[in-house]
Structures are given as structure tokens and as C-alpha cells.
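Single-structure report; data block below.
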Amino acid sequence: MYAKCGSLDSARNVFMGMPRRDVISWNAVISACTLNGHREEALDFFDRMHGEGFKPDEVTFVCALDACASLAAIEKGIEVHAAIVESGYEDHMIVATSLVKMYGKCGKLDDARSVFNRMPKRNKISWSAMMSACNQNACPKEALNLFTEMQHNRIEQDQVAFVCALDACAILADLEQGHKIHAAIVREGYEDHVVVGNALVNMYGKCRSLEDARNVFQRMPYRDVISWNAIIAVCSQNVQSRLALDLYDQMRREGFKPGAVTFVCALEACASLVDLEKGQEIHGAIVHGGCDGEIIVGTALINMYGKCGILEDARNVFNRMVCRDVVSWSAMIAACVLNNDAKKALDLFNQMQCNGFMPDQFTFACALDACASLAALEKGQEIHAATIKAQCEGQVVVATALVNMYGKCGSLEDARNVFDHMPHRNLVCWNAIIAACARNGHGIEAIELFKHMQCCGFKPDGATFLSLLAACSHSGTVDEARHFFKSMTEHHGLTQNVEHYLCLIDILGRAGHLKDAEDFINDMPYEKETRVWLSLLWHCQIHGDMERGIRAARHALNSDPRNATAYVLLSNIYAEAGTREA
DNA sequence: TTAGGGTTAG
């Protein structure tokens, strides 16, 4: 009773004061500890019980396994498994199901599978435990196969089985399969179940179908905080951050109390919108709601302040954190890199290791970014060696960061070497190697890689074309640059942004095609930024085109009347014209 | 006194 009322102390006191105890009293205290989140203590009681000569029964084992699962304590879990085999409980359905869950949570899918396959009797709960283990261990296809097998074996598919199936579709981003399972949910009458609704919202979000996700959310007859968290996260993940923040406000108006996860999702939206004001407001709500001690909230705040350019506030949050982990350290390192303090980033990278945290793939990637922005080749090589030691160098984020680092440090051969040895590649690393070639003056190689990338089935994005234009700028092929620029819209369904325009203006300018550059600026479909005119002005000065230079300067000063660069360039033009006349 | 499910940070 005490345990269920949340009073572990009273439960423990009653247990300690008992003149005689039996297995049931031990089970009760172990279960009380687990129920109140004291998993280590539960395992201590499990050991003491053993030591005092009591024989654990199926209930004891289930409670102990639950504690191991929550702690991801695999060694202890294996020990409990051995005791189960010794006591002859391995064939007990509930015990075996708990073993499946424990192995799944500890990342041991093979062991979960072998327990499941050896079970003499299974019910729907055992099946969904196995599906869940597959989802947690990157085998969503296997989870869906189990779901189908359940049907063949005429095992009842209840709401939990459907939720596991939806989860698998979410991981696979398989919208078609998700729609089919949604239809089956409606057929079976589970659509009003709140957890099913939440899983549907999440699945549609992960499948990039925001419209479906919003429809499900709007039709939900009951919602809880997780439903709101899910829809806010989905909007933020699908480039609808403003909408995410509107929903955050709406949630509060409707009387739901935001929790740590809500704050994390809302802060992510502020970060991508660079909305400092809203971020600060949410920071206030976090303190008010007593969530500021949560590690994920602290990390999300560091990220938000970092992306909003307020490194000092990110630092303050980081310094005040009671508890830190690899993710929060990496967030702080990333914030420094983003705000041009790469030296501090590398200091933190060292400090983190002195504090006993092992860098993971993301930390290495941040540290390598820091080296890249400092062009610190030696430090980059040192970190490269550390990634090899940590067996991280093949991971796509690390390898991409290495390609980028070597590219920016002028060591194209090393960049190419890392790229060629990558076991898996994505668009980002293709862009990194193309950019590395372009930056180091290997324009032809960049264009060859671009063709190769398409042969491998990757579709270029805006960043790819920016690098290609940079490549053309080095090799001086104006026609090729024009071709790439045009093909963005004509063949690849992309829209050019101001960076693409600037790049082409630069290429035209360098080649002395000043009239083309000017026409091109005039044809730009959106507002001309000062730097566009400055670029033209610069090239006019180089080529001594006074008339056009003056026009460009006028435009530049029109949009920014106090622009010093414009005055300097313009006076250079006058001076040069004067010299020539004299 | 015992088993499965939904949101989340770099």
C-alpha cells in the first residue's frame, strides 16, 4: 500500500521492522523500490534476499529483470538470467517475456530473440515485447514481420501491438505501410485510444506527412501531455516551427502543464527560428515549472542560446547544470563552434575528457569542426587518431567532419582518402568532398564527383550547387557555371538563394563579363542585398569600368547609406580613372 | 508482490 502511495520510506520501514519475512514480503519491498524508481536498491534487496537464504520465485525475477531493464544493466541481467535457469523458471511465460524486454532494453537483440524463440508458450504480450525489442535495436522490418506472423498465428492484436507496428513504420519512414496499419486500427476500433493516437501522430510526422499528423491530432477525442508533445515535435521536425510554438501556447491555454519534453520540443522550434525572445520566455516557464534541473532541458537551452548567438547565456546554463552528460558537453562545444569561438570549443573538448566523459561521434564531429574553422591541421590529425582509437572514424558524421576538416586545412588528399574509405555515404558527405575539391582548386574533380554522386542515386541540394559554382569559379568556366545555375531550377526542382547569385556574380565579374553580371543582378527575383552590389562594384574596380561601378555604388549606398566598403571601392575607381587620364 | 506500447536534448 505504502509503495503504491509513493511512500517508499514507509514501505521500507515496515519491511525492516517485520519480525518474520517470507518470499512475498521480499517481493513486495523489491517491487516497491522499482515502482518508486529506486532500481539499484531493488537489486540490492534481490541480492540480500538471496544471501539470507530465500529462494526467489517468478515474481522476484520479474521485478529484478524490470530493474535491470530500466538501468540497462546487462551484466546484472545476465546474472539474474542464470539464476532463473538454475531455478527452473526459464519456461515461465511472464518471466521469459521480462527477459525479452530486459535484453531488448540492454541492446542485446540476439539474446532477446533466442529467449523468445525458445518460449514454449507465448501470448500477445510476449509478441509485442519482442516487436518492441526489434524497434529499439534498429530492426523495424523484423518487428513488422512479427506483426504479420501474429496474424498468421491468430494471436490477438491489441492496441499495444498496433502501437509497436506504428513505431516500426515511423523508424522506417514507411508512409504506405503506416497508412495500412492506420486503416486496420480504425477497423479494429482502436483509433480513440490515446496512446494509439500519439503513436499515429508520431508515425505521420516521421514519415513527413504533417497533414496526416495534424488530422489525427485534431480528431483525437482525448489528449494528454504526450499528445501535445508529439504534435509540437512533429511540427518542429517538419519545418513548421512557428506552428509548433503556436501549439505550445494553445496547449497551455487549454490547461495542460508542459513537462520537460514539451520544453525541449518548444526550445528546438525557437532555435530553428532563431527566436531569442520566445526562447527566453520559455526559459522563464522552465524555471517556474521546476524543470531547470533536467539534463535534456539544460541541453536544449544551451542549443537554443547557441543558435540564437548568445554564447554567454549558453555558457551560464552549462555552468549551472548539476548533472551533465556527453550530449550536454557536445551541445556546449557546438555552441562555441557556431559562435566563432573554436579555441574555447577545443578547450571544452579536453575538459570534457578530463571530467571522465568519452567523446562520441557527435562530440568528435564538433571538435573536428572547430579544427576546420581554425585550419588547425595538427590538432585535426590528433583528433582523427582519437576517432580511430574510439572506432568512430567510419561513422558518417565523423567521416564527413574529417572530410570537411581536411578540406578546410588544405589537405585534399587526406579528405579524399577518408571519403574513399567511408563504408556508408549520405548527401552531406558528398557535399563535403565536392566542397573540399572546390575549395582547393580541383574544379574538374569536383564536377566528376558530382556526376558520380548522381550515378549513386543521390539528389543534389542547394549546398551541392554552391560548391559546384565555387568549383567553376576556380577553374574559370563561365559557361559551365551558368549551366549549373540554370539546371538547379530546370532539372533539379531547386530554388537559388542569394549565395548562389553571389557566386555566379563573382564568376561573371572575374571573367570580366560585367554587363552580364549587372543584368543578372537586375533580374534577381528578390530584394538585392548590399553585398550583391558590392560584389559588382569590386569587379568594376578591378576591370576599371567606372560607369558601371558608379551605378553599382549608388545601388549599394541606396540600400546601406553608411556602407564604408562602398565608399572605399568607389574612391578607388575615381582614383584609378584619374591616374589613367593623367 | 509479476510481463508488452506513445513524446524528448548535441
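Labels below follow one simple rule: chain letters A, B, ... track the order of the sequence lines, proteins then strands, and each chain is numbered from 1.
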Would you please confirm or rule out a distance under 4.0 Å between OP1 or OP2 of [N] and any side-chain N or O of [X]?
| X | N | answer |
| --- | --- | --- |
| A:Asn229 | B:dT8 | no |
| A:Asn303 | B:dA9 | no |
| A:Ser132 | B:dG5 | yes |

Does A:Lys76 come within less than 4.0 Å of A:Glu79, counting only side-chain N to carboxylate O?
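Judged by the 4.0 Å cut-off on N to carboxylate O distance, A:Lys76 and A:Glu79 do form a salt bridge.
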Over how many whole Å does the gap from [X] atom [atom1] to [N] atom [atom2] extend?
| X | N | atom1 | atom2 | answer |
| --- | --- | --- | --- | --- |
| A:Glu90 | B:dA3 | CD | C1' | 16 Å |
| A:Leu65 | B:dA3 | CG | C1' | 10 Å |
| A:Lys101 | B:dG4 | NZ | C1' | 8 Å |
| A:Arg223 | B:dT7 | CZ | P | 18 Å |
| A:Asp167 | B:dG4 | CG | C1' | 12 Å |
| A:Glu191 | B:dG5 | CD | P | 23 Å |
| A:Met203 | B:dG5 | CE | C1' | 15 Å |
| A:Ile286 | B:dA9 | CD1 | C1' | 11 Å |

How about A:Tyr204 and A:His179: are their ring centres within less than 6.0 Å of each other?
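Between A:Tyr204 and A:His179, the centre distance is under 6.0 Å.
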Is the A:His283-A:Tyr305 ring centre distance short of 6.0 angstrom?
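Ring-ring flag for A:His283/A:Tyr305: true, centres closer than 6.0 Å.
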Among residues at least two apart in sequence or on other chains, which ones pass ring-ring contact (aromatic ring centres under 6.0 Å, His included) with A:His38?
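By the ring-ring contact (aromatic ring centres under 6.0 Å, His included) rule, A:His38 matches no residue at all.
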Kindly check if the number of other-residue, nucleotide or ligand heavy atoms within 6.0 Å of CD (A:Glu52) is above 12?
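Yes, enclosed.
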Taking atom CD of A:Glu254 as the centre, does the number of heavy atoms from other residues, nucleotides or ligands within less than 6.0 Å exceed 12?
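Buried by this count: over 12 neighbours within 6.0 Å.
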For A:Glu156, enumerate each residue passing the side-chain hydrogen bond (donor to acceptor under 3.5 Å, both in side chains) test, keeping only those at least two apart in sequence or located in another chain.
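Expected list: A:Lys124.
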Closest to the [X] side chain, choosing from [options]:
| X | options | answer |
| --- | --- | --- |
| A:Ala334 | B:dT7, B:dG10, B:dA3 | B:dG10 |
| A:Ile296 | B:dA9, B:dT2, B:dG10 | B:dA9 |
| A:Ile125 | B:dA3, B:dA9, B:dT1 | B:dA3 |
| A:Lys206 | B:dT8, B:dA3, B:dG5 | B:dT8 |
| A:Val160 | B:dA3, B:dA9, B:dG4 | B:dG4 |
| A:Ser31 | B:dA3, B:dT7, B:dT1 | B:dT1 |
| A:Ser126 | B:dT7, B:dA3, B:dA9 | B:dA3 |

When only distance counts, do a donor and an acceptor, one from the side chain of A:Thr299 and one from the base of B:dA9, lie under 3.5 Å apart?
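Under the 3.5 Å cut-off, the side chain and the base do form a donor-acceptor pair.
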Below 3.5 Å, does any donor atom in the side chain of A:Asp360 face an acceptor in the base of B:dG10, or the other way round?
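Check passes, donor-acceptor contact within cut-off.
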If you look at every strand shown and take non-hydrogen atoms under 4.0 Å, does [X] touch a base, only sugar-phosphate, or nothing?
| X | value |
| --- | --- |
| A:Val326 | base |
| A:Gln237 | sugar-phosphate |
| A:Thr363 | base |
| A:Lys307 | nothing |

Do A:Ser132 and A:Asn135 have a side chain donor and acceptor closer than 3.5 Å?
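No, A:Asn135 and A:Ser132 have no side-chain donor paired with an acceptor closer than 3.5 Å.
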Residues A:Ser114 and A:Asp111: side-chain donor-acceptor under 3.5 angstrom
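Side-chain D/A pair, A:Ser114 to A:Asp111: absent.
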Give the residues of residues 249-274 of chain A touching DNA chain B, defined as any heavy atom closer than 4.0 Å, sorted by residue number.
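When residues 249-274 of chain A is checked for heavy atoms under 4.0 Å from DNA chain B, the hits, listed by number, are A:Val261, A:Val264, A:Cys265, A:Glu268.
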